[in-house]
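As structure tokens, the structure follows; a few thoughts come after it.
Chain naming here is simple, since letters A, B, ... match the order of the sequence lines and numbering starts at 1 in each. Side chains are part of it too, since the values below use all heavy atoms of this structure and drop only hydrogens, waters and symmetry mates.
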There are 2 protein chains.
Amino acid sequence: MTQERRKFRREGEAQRQGDLIAAALDLIAEGGPQAATVRAIAQRAGVTPGLIRHYFRTKEDLIGAAYAQFVRRMAEDHSATMDGAGPDPLARLAWFVWRALCPPLTDSRTVGLWAGFLHLVRNDPRMRNIHRTGYLSFRDPLESLIGECLAATGRSLPPRQLQAEAIAANALIDGLWLEGSVLPEDFQPDELPRLGVEKVGALLGLPLTDHLEDMQ
Amino acid sequence: MTQERRKFRREGEAQRQGDLIAAALDLIAEGGPQAATVRAIAQRAGVTPGLIRHYFRTKEDLIGAAYAQFVRRMAEDHSATMDGAGPDPLARLAWFVWRALCPPLTDSRTVGLWAGFLHLVRNDPRMRNIHRTGYLSFRDPLESLIGECLAATGRSLPPRQLQAEAIAANALIDGLWLEGSVLPEDFQPDELPRLGVEKVGALLGLPLTDHLEDMQ
DNA sequence: CCCGAAATTATACGCTTGCAGAATTACCGG
DNA sequence: CCGGTAATTCTGCAAGCGTATAATTTCGGG
């Protein structure tokens with residue numbers, strides 16, 4: 001009855017770190033930071049708790065790494081999708097909005113992570129920096145895109161007003177992101193991205209709806 | 001050296017429950033649910049931990065009561081402010097937007113609470129009901145107000161499109177609320193509510209900016 | 001084939017958590 | 001002024017937390 005020691009396989013550092021981070025993100029997304037205990041993370045990653053401390057000096061380090069990956073992945077996902085968007089600014093802006101309001105950016109997992117990390121971000125300067133980077137990597141391209149679109153239609157704004165337009169457009173996207181992520185059952189598929197493209201167009205006075213057919 | 005027992009005053013049930021709820025909300029707003037331990041709540045409320053169980057069957061009950069009060073108070077605060085807004089629909093809509101983007105609705109405490117409760121709301125049907133009630137008490141009046149404004153300017157929409165306008169306007173407000181609450185230092189006082197009134201007007205094609213002078 | 005290094009598990013410790021029940025104290029009605 | 005009630009404090013417990021470290025297992029290189 002001497003219960004034998006558990007068998008295991010050796011894995012590379014990158015693999016195990018990745019597994020642990022993924023497990024932590026899953027748990028935070030579902031149940032908030034309180035659900036991401038050392039033991040729960042280890043179990044979901046398929047290892048024993050002690051291993052966490054072999055790859056991360058402390059639990060806080062692991063959570064920090066998880067947040068960094070979360071932010072980086074969001075930014076990468078969205079900027080990568082812009083690569084195949086063609087040259088026309090209007091089409092690009094429509095595509096930008098559309099993609100922001102589809103999974104994986106808009107879904108309940110993402111908003112769960114966002115909310116779960118909020119307090120950690122607010123109380124830790126290191127995390128706040130990570131956050132700001134990701135936030136600007138979304139808002140800055142949006143502002144450029146809006147500038148190009150206005151220029152293409154013959155209008156042109158002073159920087160101050162252009163920034164205000166970007167803030168408002170960004171807010172509209174954020175708000176739809178929020179509503180769609182928190183109450184996904186209240187919207188049909190495509191309803192949210194369609195509404196986003198239409199209303200960002202209305203906000204800026206741009207005929208974005210012309211490009212709705214290109215979406216998918 | 002027999003350290004003597006702590007002195008205390010008896011308080012009514014309502015008073016003590018209110019204190020405990022307020023303490024719990026403060027802690028959640030600042031540090032998330034994990035900061036709201038039984039002992040921390042009691043300390044901030046100026047009592048000993050055992051008393052919590054005298055007024056609430058369990059900690060979960062207390063948190064639930066706290067959330068209910070949070071939602072109710074938000075709704076009350078905002079609807080109460082509409083009382084002195086006059087009869088003109090346009091002025092009322094402008095006021096509605098303006099007030100949503102000022103404290104106490106827009107500030108870091110509110111977004112902290114919102115994020116802190118998100119996971120509890122998602123995983124507990126009882127809390128989800130409370131949430132939905134509060135959410136609709138904001139969106140429904142907004143939809144009515146938009147309908148009145150459009151009717152007053154001679155336009156009229158089928159219900160489906162009116163709802164879409166309300167969702168978009170609500171999203172714009174939510175998004176500005178989010179940005180202003182998370183990064184308050186990025187905006188000057190009045191910048192956010194002003195932007196909100198202006199852009200909600202742009203979104204709906206309504207001259208809301210005419211009423212900006214009435215705000216304060 | 002086997003040995004050493006490193007990855008992984010196992011065990012243990014001190015602290016905090018939510019909860020329970022007994023002991024005490026404040027206050028009200030007589 | 002005094003006794004009873006219930007509001008409040010106090011003490012303790014079992015479970016879970018993050019962390020530390022020793023014991024084991026895996027696996028590639030000689």
Heavy-atom neighbours of A:E60 CD exceed 12 at 6.0 Å: no
Options C:dT9, D:dT9, D:dT26, nucleotide nearest the side-chain atoms of B:L51: D:dT9
Nucleotide of C:dC19, C:dT8, C:dT24 approaching B:R5 most closely (side-chain heavy atoms): C:dT24
Sugar-phosphate, base or nothing in reach of A:T37, heavy atoms under 4.0 Å: sugar-phosphate
B:E13 to B:Y55 - nearest heavy-atom pair and separation: CA-CE2, 3.8 Å
Nearest-angstrom distance from the residue atom CG of B:D61 to P of C:dG18: 14 Å
Length of the CZ-P vector between A:F56 and D:dA20, whole Å: 16 Å
Donor-acceptor contact present, side-chain A:K59 to main-chain A:A36, <3.5 Å: yes
Atom of B:V182, atom of A:L118 and distance for their closest heavy-atom approach: CG2-CD1, 4.4 Å
Length of the CZ-P vector between B:R57 and C:dC19, whole Å: 9 Å
5' precedence on DNA chain C between B:F8 and B:G50 (nearest-nucleotide basis): B:G50
Nucleotide nearest B:R39 (side chain, heavy atoms from C-beta), chosen from C:dC19, D:dG18, C:dT9: C:dC19
Contact nearer the 5' end of DNA chain D, comparing A:P49 with B:G46: B:G46
Sugar-phosphate, base or nothing in reach of A:R16, heavy atoms under 4.0 Å: sugar-phosphate
Spacing of B:R10 atom CZ relative to C:dT24 atom P, expressed in whole Å: 16 Å
Phosphate OP1/OP2 of D:dT19 contacted by A:T58 side-chain N/O (<4.0 Å): yes
Backbone of A:F117 reached by a side-chain donor or acceptor of A:H131 within 3.5 Å: no
Between P of D:dC17 and CG of A:L27, the distance in whole Å: 11 Å
Phosphate-side-chain proximity, B:R6 and D:dT9, N/O vs OP1/OP2 below 4.0 Å: yes
Spacing between B:Q15 atom CD and D:dA6 atom P, to the nearest angstrom: 20 Å
OP1 or OP2 of D:dT8 under 4.0 Å from side-chain N/O of B:H54: no
Selection from C:dA20, D:dA20, C:dA26 that lies nearest to any side-chain heavy atom of A:R53: D:dA20
Mutual orientation of the aromatic rings belonging to A:Y67 and A:F70 [parallel < 30°, tilted 30-60°, perpendicular > 60°]: tilted
Sugar-phosphate, base or nothing in reach of B:E13, heavy atoms under 4.0 Å: nothing
Distance in angstrom units between A:E4 CD and D:dT24 C1', rounded: 13 Å
Short side-chain N/O contact to C:dT8 OP1/OP2 from A:Y55, under 4.0 Å: yes
Sugar-phosphate only, base, or nothing, as touched by B:R9 at under 4.0 Å among non-hydrogen atoms: sugar-phosphate
Length of the NZ-C1' vector between B:K7 and D:dC10, whole Å: 14 Å
